[in-house]
Amino acid sequence: MKIFNTLTMHKDEFVPIEPGKVSMYVCGPTVYNLIHIGNARPMIVFDTVRRYLEHRGYEVNYVSNFTDVDDKIIKAAIEEGVTAEEIANRYIIECKKDMEGMNVRPATTHPLATQEIPGMIEMISTLIDKGYAYEKNGTVYFSTRKFKKYGDLSHKNIDDLRSGFRDLKVSGEAEKEDPLDFVLWKPKKEGEPFWKSPWSDGRPGWHIECSVMAKRYLGDTIDIHAGGEDLVFPHHENEVAQSTCANGVPFANYWMHNAFLNIDNKKMSKSLGNFFTVRDIAEHYDLQVLRLFMLSAHYRSPLNFSNELMESAKASLDRIRRAAARLADIAENGADGEMTEAEAAKAEEAKAFIGLFDEKMDDDANTADAVSVVFDLVRFANTNVFEENSTKAYAKAVLEALQTLCDILGIIPIEAKGSLDEEIEALIEQRQQARKEKNWALADKIRDDLLAQGIVLRDTKEGVKWERS
Ligand code: AMP
Ligand code: ZN
C-alpha cells in the first residue's frame, strides 16, 4: 500500500516496523460537546484505513484518545455548574454512541488524558533532564530551538515563523525564551482541575498528552499517526519534537492528514458556529449515508457538505442495499444444486472486483475510486444474477464479494433484523390472513399504516416482500 506521507510529501510504500503488524494513533476529539460531522471525517476515514489494513492481513493496534481536560471543557463545566469530569464523561458516552451509529469500530484502546498524568510528568521530567525543556514560575516550556528538526513535518520555515511573532513582552509571554516554545505543563487557575507535579499544581499542555499516550500504548516509534490537517502545525509538529527528544528515536514513520469537511467552502467548526452535529444528521438520515458520503471523496480532498451530496449518498446506499437484498433473496430461494460452469466463471469475475478494489485502496486509501468499484460490482450483480434460474450457491458467492467490499468500507449492506422488522413482518402476516378471509378493508388498512411508516409492500411470486422507502 502507498500512503501519502505529510513528512515526505509523497506517496511512500507502506512498510511496517514489525512485519504483519501496524501501530496507528489517531488524535481524538476534545469532549466538551456533541461531535460535529467535521470531527466525524477523521473517525470514518481512518477507521476505513484500519479495516483495509486488516483486510490485507495486518494486525492493527489502533489507539485514539479523548482529550478530557482542556480550557473548553472547563468553560463548559463552569457554565453548567458541574465538574469538568462530568462534562467529559457525558460527551465521551455520546461520542461513542455516534461512533457506533457511523459503524466506526472502537479503538483497541481509547486512552483518556486525565488517566495518563504520571506518564506526562515522567516525559516532561525527561525533557528537562535532557535539556529540551525549562521551567519558569511553575510553567514548563519546550525549547524549540534545541530540536533541530522542528518544522520538518509541517514544512514550515521556522525563522519566518519566529520573526512573524509579535514581541513576547507585548503578547504577555515574556517568560518564554523563544516565541515558538510551547507549554508542557501549566499551573492551575482558581477553580480548575489540577494534579500535583514537581513544578506546580497544574495540568499538562495538550500536545504532551498524545506523545505520552502513543508511547504507552504503541511504543517509542509508531507506524502511522493520523488526524485532521489542522493538527499538522503546531500539534503534530510539537508531538514530534517532544517524542523524538524524550525517546531518542523517530516518532512516527507515516503521517496521514485528512482535509476539512467544509460548509459553503468554509471549514466546519464549533468556533465558527457553522456545524451540524452527527446527532443532527441522524435525525434525517441513517448514519450509514453520512459514512458513504464521506468515503465518496478522497480523504485528502476538501469535501463540501450539501443536501444534494447527502441525497446522492442516500440513493447510492439504497442501490447497494437493494442489490444485496436481491442477492440474499436468490441465495435463499434460488435453484438448488451446484453452480453451473458458466456461473462458476461469473463468480470468479465477481471475486475479481475485490482485487480491483484493493488496487484503489492501495493507492493512498482512495475510497472515492474504491466506492466506484462497489458500484461496478452492484451493476455486475444486477445484470448477471437472475431470480428465475440462478443457483443459490452462485448468488451467495456474488453476495460474499459484495459483503467483503462493504465490510472494508464499514457499510452495512444487509441490516440485521431488529425487533421493529419482526413487528413489520407480523403485520404483513396479519394482512395475508385478512386477505385470505376476504377482509379487504383490514388488509388495505394494514398496508396503508405500513406505508405511513415508510414501508412499501411488493407482491412477488415468492410472497410479499417489503422495503423501506
Ligand atoms: P478537535 O475536537 O477540534 O480536537 O478535533 C478532533 C479531530 O477532528 C481532529 O483530528 C481535527 O483535525 C478533526 N476536525 C475538526 N474539524 C474538522 C473539519 N471541519 N473537517 C475535518 N476534520 C476536522
Ligand atoms: Zn494529538
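Note that ligands are numbered from 1 as they come in the structure, with each ligand's atoms numbered from 1 the same way.
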Taking the six-membered ring for Trp, is the centroid-to-centroid distance between [X] and [Y] below 6.0 Å?
| X | Y | answer |
| --- | --- | --- |
| His207 | Phe182 | yes |
| Phe380 | Phe353 | yes |
| His257 | His236 | yes |

Q. Taking only residues two or more places apart in sequence or in another chain, which ones pass side chain to side chain donor-acceptor pair (under 3.5 Å) with Ser269?
A. Ser271
Q: State which residues pass side chain to side chain donor-acceptor pair (under 3.5 Å) with Ser143; sequence neighbours excluded, sorted by chain then number.
A: none
Q) Is the Zn ion (ligand 2) under 2.8 Å from any N, O or S atom of His236? A) no
Q) Below 2.8 Å, any N, O or S contact between His207 and the Zn ion (ligand 2)? A) no
Q | Student check: side-chain heavy atoms of Phe305 and Ile281 closer than 4.5 Å | A | yes
**Q.** Other residues, nucleotides, ligands: >12 heavy atoms within 6.0 Å of Lys267 NZ
**A.** yes
Q. What residue pairs, at least two apart or across chains, pass side-chain hydrogen bond (donor to acceptor under 3.5 Å, both in side chains) with a residue in residues 244-256?
A. Lys215-Asn247
Q) When you draw lines from the Zn ion (ligand 2) to SG of Cys27 and to SG of Cys210, what angle lies between them, to the nearest 10°? A) 130°
Q) What does the list of residues with a heavy atom under 4.0 Å from ligand 1 look like, ordered by chain and number? A) Cys27, Gly28, Pro29, Thr30, His36, Gly38, Asn39, Pro42, Gly227, Gly228, Asp230, Leu231, Asn258, Ala259, Phe260, Leu261, Lys267, Met268
Q. Can you tell me the N, O or S atom of Glu239 that's nearest the Zn ion (ligand 2)?
A. OE2
